[in-house]
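Report on the structure given below.
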2 protein chains.
Amino acid sequence: MTLQARPSETAPSALIAAMDTLATTRLFGRDEEVYAQGAPVEHLYRLVRGVVRTTRLTADGRRQVGDFYYAGDLLGLEVGPDHQFSAEALTDCEVQVVRRGAVRAFAGDAAMDRAILEGIRRELERAQAHVMLLGRRSAREKVAAFLKSMAEGCAGARGGPQPVEMPMGRQDMADYLGLTIETVSRMLTQLQDEAVVEFPAVRRFQVKKWDRLEALAA
Amino acid sequence: MTLQARPSETAPSALIAAMDTLATTRLFGRDEEVYAQGAPVEHLYRLVRGVVRTTRLTADGRRQVGDFYYAGDLLGLEVGPDHQFSAEALTDCEVQVVRRGAVRAFAGDAAMDRAILEGIRRELERAQAHVMLLGRRSAREKVAAFLKSMAEGCAGARGGPQPVEMPMGRQDMADYLGLTIETVSRMLTQLQDEAVVEFPAVRRFQVKKWDRLEALAA
DNA sequence: CGGTTAATTGAACGCATTCAACACGAGTGG
DNA sequence: CCACTCGTGTTGAATGCGTTCAATTAACCG
């Protein structure tokens, strides 16, 4: 019953070593902000414990969730001089924080570049998968794909009877998938009625028919 | 009346130099494939002339356009071992092609890493913008945002009376925006009826009310 | 227990899609 | 030059999916 969604995506070891030495560990409570949208990009963050979401607010108040981050993930790897997204703790979090310049001086420019490259690479993978998810899928498929990725991330949930924990609420799911909470809720009950998944609690589920789920998530 | 959408996004100079020396130039006709979805990532491409689109086909035949690339852009900067998207020439194209290993040997690993980093960085920017576009926008807003980005890319179309050329057809627009061609068409005529833009030809337009367009693209 | 927030469910609406017909333009051959 | 065709784009009408608004239920916490 771990909250680790992607099993063992460890950052490059040189960077980890540098961060373990240089970084200060900070704790964030639920819904606390790790960094703000629009703030200058100065630090590098590594999530040690807990779950973080990145969100972006448009001028007219609509919210888009960028992604969810789990223990081991690197945060704050954005491209421009300012953060395009803000990062907020979904659960209580433990985060290593370090100035970019510090780790650069410690680990060397080349190692730093390689580490950043690796991190950005993963960001790109996420973003591209997100585009595919948002582009041409029905609400049903979006929700199914979301559940599938949650279940895949949870180590050993594939065949085992252990349930998958969802750290995020319905609103976060909706804002990630580009849907309303009502639609998300309807699709979840629909999938449950068809016995594809089962929810013993609001934020805990178990995949019952993996093949059906995969077919839906396409 | 250039087809260059992003004005002067030149790749890192070290890489350009390497490619000018090492790359072989290839020509692609309209709708020819530069590389295929699923093919191993072996080469690096630089678009010298023309326009390229990247597309991804899902198992059930739905198509998502990843992005459009213009002269000066780097192509084939994908993350995994295989191409997630295929790249096709939208117009007749001139492309520099080089094996990744060759440029690595020529320019050095560090320079290569930095160049790749810069390229992936831009890919990430595009993908993130694409997510925002697909997530929580109406058809009207999507189309407006698309026209806006086209117009911004076309050098000096801002105030000038010169029209913007659109190299892609309606189907490509639709598959980029996650809409149907009919909806795209309807939104275009709608925007034209409101005199926000004007289409003297199917693939040529002029922005008439820039403030209205920007407000819509939000 | 109440009090509060989050999630579900219902009904009506509206936006985008679907299916179909039509218009337009470019290219070709009579 | 016109007729014909084919591909592409536009327009219309009807359907349906997801939203919106509203009410209800469930979960959480004092």
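The sequence lines fix the lettering, A, B, ..., with proteins before strands; numbering per chain opens at 1.
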- Query: Between B/Arg121 and B/Glu125, is the closest basic N to carboxylate O distance under 4.0 Å?
  - Reply: no
- Task: Rounded off to whole Å, could you give me the CZ-to-C1' distance for the B/Arg62 and C/dT18 pair?
- Result: 15 Å
- Taking DNA chain C as the partner, which of residues 188-202 of chain B come within under 4.0 angstrom of it by heavy atom? none
- Query: Base, sugar-phosphate, or nothing: which does A/Arg140 touch, judged by heavy atoms less than 4.0 Å apart?
  - Reply: nothing
- Message: Of all nucleotides in DNA chain D that come within under 4.0 Å of a heavy atom of chain A, which is furthest toward the 5' end and which toward the 3' end?
- Response: D/dG18 to D/dA27
- Item | Spacing between A/Asp175 atom CG and C/dA6 atom P, to the nearest angstrom | 13 Å
- Residues within residues 176-184 of chain A bordering DNA chain D, heavy-atom distance below 4.0 Å: A/Gly178, A/Leu179, A/Thr180, A/Glu182, A/Thr183
- Note on the structure: When rounded to whole Å, the CZ to C1' distance for the pair A/Arg137 and C/dT17 reads 18 Å
- Query: Residues two or more places apart in sequence or in another chain: which of them pass side-chain hydrogen bond (donor to acceptor under 3.5 Å, both in side chains) with B/Arg53?
  - Reply: B/Asp31, B/Glu88, B/Asp172
- Just jot down the ring-ring contact (aromatic ring centres under 6.0 Å, His included) partners of A/Phe205, sequence neighbours excluded, or say none. A/Phe199
- Item | cation_pi(B/Arg126, B/Tyr69) dist<6.0 Å, angle<=45 | yes
- Item | Basic-acidic side-chain contact under 4.0 Å: A/Asp73, A/Arg46 | no
- For A/Gln128, what residues pass the side-chain hydrogen bond (donor to acceptor under 3.5 Å, both in side chains) criterion, not counting sequence neighbours? none
- Message: Could you tell me how far apart B/Arg136 (CZ) and C/dC15 (P) are, to the nearest whole angstrom?
- Response: 17 Å
- List for me each residue that meets ring-ring contact (aromatic ring centres under 6.0 Å, His included) alongside B/Phe28, sequence neighbours excluded, and say none if there are none. none
- As a check of understanding: the bend across the helix from C/dC1-D/dG30 to C/dG30-D/dC1, end axes from five pairs, rounded to 10 degrees, works out to 30°
- Task: Please state how far atom CZ in A/Arg203 lies from atom P in C/dT8, giving the value in whole angstrom units.
- Result: 11 Å
- Query: In whole angstroms, how far is the P atom of C/dT5 from the CZ atom of A/Arg30?
  - Reply: 12 Å
- Query: Would you say the ring centroid of B/Phe85 lies under 6.0 angstrom from that of B/Tyr35?
  - Reply: no
- Task: Please collect all salt bridge (charged side-chain N to carboxylate O under 4.0 Å, His left out) contacts where either partner lies in residues 182-202 of chain A, sequence neighbours excluded, each pair once.
- Result: A/Arg140-A/Glu194, A/Glu194-A/Arg212, A/Glu198-A/Lys208
- Query: Under 4.0 Å between a side-chain N/O of A/Arg186 and OP1 or OP2 of C/dT8, yes or no?
  - Reply: no
- Item | A/Gln192: side-chain hydrogen bond (donor to acceptor under 3.5 Å, both in side chains) partners, not counting sequence neighbours | none
- Item | side-chain hydrogen bond (donor to acceptor under 3.5 Å, both in side chains) partners of B/Glu42, counting only residues at least two apart | none
- Output all residues satisfying ring-ring contact (aromatic ring centres under 6.0 Å, His included) with A/His43, sequence neighbours left out; order by chain, then residue number. none
- Item | Electrostatic pair A/Glu141-B/Arg62, nearest N-O below 4.0 angstrom | yes
